[in-house]
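Structure first, commentary second.
Just so it is clear, the model here is predicted, and its values are computed rather than measured.
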Amino acid sequence: MALLLRIIIIALIIYILYKGVRYLTDPKRKLDEAYEKGDYYFYDDVKNVRKNFFISYKGALFEGEKYLGTTENAFEVVSIFVFVHDPMKLQGFTKEDFLFLEKEILMNYPNAKINWKNPIEQLMKE
């Protein structure tokens with residue numbers, strides 16, 4: 001009986017440590033934390049084209065829709081539509097901020113054409 005209790009306690013400790021490590025390394029939690037702090041964080045599952053990516057930057061949360069297409073040699077993400085969840089959070093953003101975000105997106109998707117949705121689209125045309 002004592003041996004069984006020890007095994008159960010050890011298994012419980014291992015399980016708690018495992019859950020703790022999973023919580024600390026969870027990218028979705030890191031995105032939420034960066035959004036609250038107003039920091040930069042890029043959250044994406046590059047291998048899954050169906051999942052949108054999220055970017056936290058200067059207190060605003062951007063979402064990017066990826067679309068698969070053909071390039072010269074393979075199927076790649078060729079088009080990305082990026083929009084902000086709360087346009088009111090864009091106050092204080094400059095064109096350079098959006099160029100920085102484009103550069104970061106193109107690091108993961110070099111063959112993609114980035115399209116911004118309003119109101120960002122109007123600023124990028126100028």
- For Ile14, what are the other residues in its hydrophobic cluster, where any two members join if their side-chain heavy atoms are less than 4.5 angstrom apart? Ile10
- Message: Under the rule for ring pair (Phe, Tyr, Trp, His ring centres under 6.0 Å), what residues qualify as partners of Phe100, not counting sequence neighbours?
- Response: Tyr40, Tyr57
- Message: Testing the basics here: between Lys89 and Ala60, what is the closest heavy-atom pair and its distance to 0.1 Å?
- Response: CB-CB, 4.0 Å
- Any chain of hydrophobic side-chain contacts (each under 4.5 Å) joining Ile55 to Leu90? yes
- Query: Is the shortest heavy-atom distance from the side chain of Ile80 to the side chain of Ile105 under 4.5 Å?
  - Reply: yes
- Task: Treating Ile, Leu, Val, Met, Phe, Trp and Tyr as nodes and any side-chain heavy-atom pair under 4.5 angstrom as an edge, say whether Phe81 and Val84 lie in one connected cluster.
- Result: no
- Same cluster (ILVMFWY, side-chain, under 4.5 Å), Tyr109 and Phe75: yes
- Heavy atoms, side chains only, cut-off 4.5 Å: are Val77 and Asn108 in contact? no
- Item | Joint hydrophobic cluster, Leu106 plus Phe83, side-chain heavy atoms closer than 4.5 Å | no
- At what distance, to the nearest 0.5 angstrom, does CG of Asn111 lie from CG of Asn73? 9.5 Å
- Pairs meeting criterion salt bridge (charged side-chain N to carboxylate O under 4.0 Å, His left out) with involvement of residues 32-42, two or more places apart: Arg29-Glu33, Glu33-Lys37
- Task: Please report the closest heavy-atom contact between Lys66 and Asn48, naming both atoms and the distance.
- Result: NZ-O, 3.0 Å
- Task: Sequence neighbours left out, what pairs pass salt bridge (charged side-chain N to carboxylate O under 4.0 Å, His left out) with at least one residue falling in residues 102-112?
- Result: none
- Is the centre of the Phe53 ring less than 6.0 Å from the centre of the Phe42 ring? yes
- Query: When the ring planes of Tyr15 and Tyr18 are compared, do they come out parallel, tilted or perpendicular, using 30° and 60° as the limits?
  - Reply: tilted
- Separation of Phe62 CZ from Leu101 CG (nearest 0.5 Å): 5.5 Å
- Item | Ile7: hydrophobic cluster co-members (side-chain, 4.5 Å) | Leu3
- Is Lys51 reaching over with its side chain to a backbone N or O of Asp44, donor-acceptor style, under 3.5 angstrom? no
- Message: Side chains of His85 and Tyr35, heavy atoms from C-beta outward: is any pair under 4.5 Å?
- Response: no
- Tyr67, Phe54: one ILVMFWY side-chain cluster at the under-4.5 Å cut-off? no
- Message: Can you confirm whether Lys28 is buried at NZ, in the sense that more than 12 heavy atoms of other residues, nucleotides or ligands lie under 6.0 Å from that atom?
- Response: yes
- Message: If only side-chain N and O atoms count, and only distance matters, is there a donor-acceptor pair under 3.5 Å linking Asn115 with Lys117?
- Response: no
- Can you pull the salt bridge (charged side-chain N to carboxylate O under 4.0 Å, His left out) pairs that have at least one residue in residues 54-63, sequence neighbours excluded? Lys58-Asp97
- Task: Enter the distance from Ile8:CD1 to Ile13:CD1 here, rounded to the nearest 0.5 Å.
- Result: 12.5 Å
- At their closest point, which heavy atom of Ala34 faces which heavy atom of Tyr41, and how far apart are they? CB-CB, 3.5 Å
